[in-house]
Amino acid sequence: MERFTGSFTQQEPIPDEAIEAAVAVMRHGRLHRYNTAPGEAGEVAQLEQEFAEAMGARYALAVASGGYALGCALRALQVAPDEAVLTNAFTLAPVPGAIASLGARPVFVETRPDLTIDMDHLVAQARATGARVLMLSHMRGHICDMERLVALCADLGLTLVEDCAHTMGARWNGTLSGRHGAIACYSTQTYKHLNSGEGGFLTTDDAELMARAVMLSGSYMLYVRHRAAPPPEAFDALRWETPNISGRMDNLRAAILRPQLRRLGMQCAAWTARYRVVEAGLRDTPGLSLIERAEAEDFVGSSFQFRLDGWPEAKIRAYLDRCAARGVELKWFGAAEPQGFTSRYDSWRYARPAPLPGTDRVLAGLIDMRLPLTFSLDDCALIARILRAEAGAVHQAP
Ligand SMILES: *Cc1c(COP(=O)(O)O)cnc(C)c1O
């Protein structure tokens with residue numbers, strides 16, 4: 001019987017070029033983004049310029065985490081305490097957490113079997129709450145029909161904030177993810193597409209929103225040092241009325257990220273090649289439903305999901321155990337208790353979530369697996385063979 005021995009949480013090492021850049025920052029000691037020598041831009045300012053260019057955005061701000069970027073986006077939009085903010089129910093804890101950090105109320109929208117937001121329910125929730133902001137999480141890299149969503153947001157008067165934690169480098173119909181909304185947020189936490197341990201970005205084309213975000217991130221009135229922010233005039237009025245809620249990135253992390261950003265396209269292609277091998281290996285497995293991807297969706301396959309629709313809980317648990325015994329570590333979104341990185345909307349009790357039967361149905365059978373780039377294509381084929389064989393064994397058992 002074949003067994004897999006790789007680690008699902010082992011990322012690639014930091015590239016040598018990035019290590020050398022980090023050591024150079026430590027040797028000169030100017031780690032704070034505004035601590036620069038005469039004539040020096042600093043790693044963070046240069047990273048922001050390069051990130052804005054890579055994402056096709058006018059402005060970019062590097063921050064302390066993806067979750068900070070999300071909260072900062074809502075503050076820049078001047079979301080008020082107690083205001084309803086819409087978000088998809090299938091997302092990660094930092095998304096409703098960012099909404100709650102302003103004292104605002106997360107209102108969840110149903111999830112379709114393809115793991116994207118249910119647009120009919122979005123309309124209903126927008127009308128019922130009068131919300132003016134949708135924080136759309138492209139959770140696990142699944143992108144909804146963005147033309148339809150953008151049109152709906154316009155109709156409903158919703159400002160769109162995109163959570164691109166899993167879609168940095170992905171595209172919809174040729175347009176980079178993050179370019180459809182007013183603001184996009186990204187994470188550079190270890191399990192995302194760039195790795196600085198912790199970190200994040202916020203991008204926008206709107207000068208006023210970026211000026212607010214820069215002020216919020218803690219610019220100590222040094223915003224003229226930014227290279228991917230609007231000109232000083234944009235700060236004239238704002239600088240008196242925008243609080244400092246410190247969440248800057250430092251030069252050490254930026255130094256690690258700049259060489260990685262140059263390789264992003266290559267890395268995204270490598271992830272998707274792995275995804276396609278697992279997908280091909282699992283196609284037409286009885287009892288196992290693949291998540292069909294839209295033609296327009298040029299996703300980054302950094303993780304893999306499939307559904308075991310209608311399986312009783314005992315069978316799902318047996319499946320997880322048998323796969324684990326063969327070295328394949330799966331996560332399950334249907335478990336009653338929230339576990340590492342798979343908490344569910346009904347476990348965010350502070351948000352007093354109303355039951356969402358459609359989402360419950362999808363999550364009850366939803367299986368999730370990381371695909372780190374330390375896996376080879378052969379590893380992925382082996383993983384698929386194990387997943388397939390065990391599904392057959394458990395599904396057919398009485
Ligand atoms: C990782 C992640 C974030 C941001 O997380 P941080 O750990 O704060 O960088 C936001 N949304 C989703 C869906 C994520 O997976």
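In each ligand, atom 1 is the first atom listed, and ligand 1 is the first ligand listed. Because the structure is predicted, anything quoted here is derived from the model rather than measured.
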Distance to the ring centre below 6.0 angstrom and angle to the axis at most 45 degrees; does that hold for R293 and F299?
yes

Flag this pair as yes if the NZ/CZ of R344 is under 6.0 angstrom from the six-membered ring centre of F333 and inside a 45 degree cone about the axis; otherwise no.
no

Verify the distance criterion only: is there a donor paired with an acceptor across the side chains of R248 and S246 at less than 3.5 Å?
yes

If only side-chain N and O atoms count, and only distance matters, is there a donor-acceptor pair under 3.5 Å linking N195 with T190?
yes

Contacts satisfying salt bridge (Lys or Arg N to Asp or Glu O under 4.0 Å) that involve residues 63-76 (not counting sequence neighbours) are none

Less than 4.0 angstrom from a charged side-chain N to a carboxylate O is my criterion; do R239 and E233 meet it?
no

Any protein N/O atoms within less than 3.5 Å of an N/O atom in ligand 1? List the atom names and distances, or say none.
{"residue": "ligand 1", "atom": "7 (O)", "partner": "Q189", "partner atom": "NE2", "Å": "2.8"}
{"residue": "ligand 1", "atom": "8 (O)", "partner": "G67", "partner atom": "N", "Å": "2.7"}
{"residue": "ligand 1", "atom": "9 (O)", "partner": "G66", "partner atom": "N", "Å": "2.9"}
{"residue": "ligand 1", "atom": "9 (O)", "partner": "S187", "partner atom": "OG", "Å": "2.7"}
{"residue": "ligand 1", "atom": "11 (N)", "partner": "D163", "partner atom": "OD1", "Å": "3.3"}
{"residue": "ligand 1", "atom": "11 (N)", "partner": "D163", "partner atom": "OD2", "Å": "2.7"}
{"residue": "ligand 1", "atom": "15 (O)", "partner": "H166", "partner atom": "NE2", "Å": "2.6"}
{"residue": "ligand 1", "atom": "15 (O)", "partner": "K192", "partner atom": "NZ", "Å": "3.0"}

